[in-house]
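Here's the structure we're looking at; comments come further down.
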Amino acid sequence: MKVLLISNDAGGYAHHVDAPENTTVQQMFERHVGRFHADSYLIRVNRQPAPADQVLRDGDRVSFTPLKIEGAV
């Protein structure tokens, strides 16, 4: 399946990625961002807050936005 992955980290990017069926939000995060720290990120699927165990579907829009940007005051 294809998912639009949006990272609002310092560099920021958005692109379609392939993901296996039944991929969860947490698995997507770990694959593309790193170790899972949900309390440090605003995680949304289709612009709505999403739990870590939510299973993604083809065409979902997933975004990971850090709550604190390194170097910001």
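- Within the 4.5 Å cutoff, no side-chain heavy atoms of Asp60 are placed close to those of Asp58.
- When all heavy atoms are compared, the tightest approach of Leu5 to His32 is CD2-CG, 3.3 Å.
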Intermediate values then yes/no, side-chain contact (heavy atoms from CB on, under 4.5 Å), Val25 and Asp53: CA-CA 6 Å; Val25 169; Asp53 63 349; over 6 Å; no
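- Side-chain contact between Arg44 and Phe64: absent, with no pair of heavy atoms (C-beta onward) separated by less than 4.5 Å.
- Judged by distance alone, the side chain of Asn46 and the main-chain N or O of Arg61 form a donor-acceptor pair under 3.5 Å.
- The distance from the CZ atom of Arg31 to the CD atom of Gln27 is 6.5 Å, given to the nearest 0.5 Å.
- Side-chain atoms of Gln48 do not come within 3.5 Å of backbone N or O of Val45 as any donor-acceptor pair.
- Residues Ala52 and Thr24 come closest through the heavy atom pair O-CB, 3.6 Å.
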Steps toward side-chain contact (heavy atoms from CB on, under 4.5 Å) verdict (Val3, Arg57): CA-CA 8 Å; Val3 175; Arg57 297 181 306 197; over 6 Å; no
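- Between Phe29 and Ile43 there is a side-chain heavy-atom pair separated by less than 4.5 Å.
- When all heavy atoms are compared, the tightest approach of Met28 to Ala19 is CE-CB, 3.7 Å.
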side-chain contact (heavy atoms from CB on, under 4.5 Å) assessment of Leu4 paired with His15: CA-CA 6 Å; Leu4 178 62; His15 61 275; 5.6 Å; no
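- Val62 has its side chain within reach of Leu56: a pair of non-hydrogen atoms, C-beta onward, lies under 4.5 Å apart.
- Of all heavy-atom pairs spanning Pro20 and Met1, the tightest one is O-CE, 3.4 Å.
- A salt bridge links Lys2 to Asp18: one of the charged nitrogens lies within less than 4.0 Å of a carboxylate oxygen.
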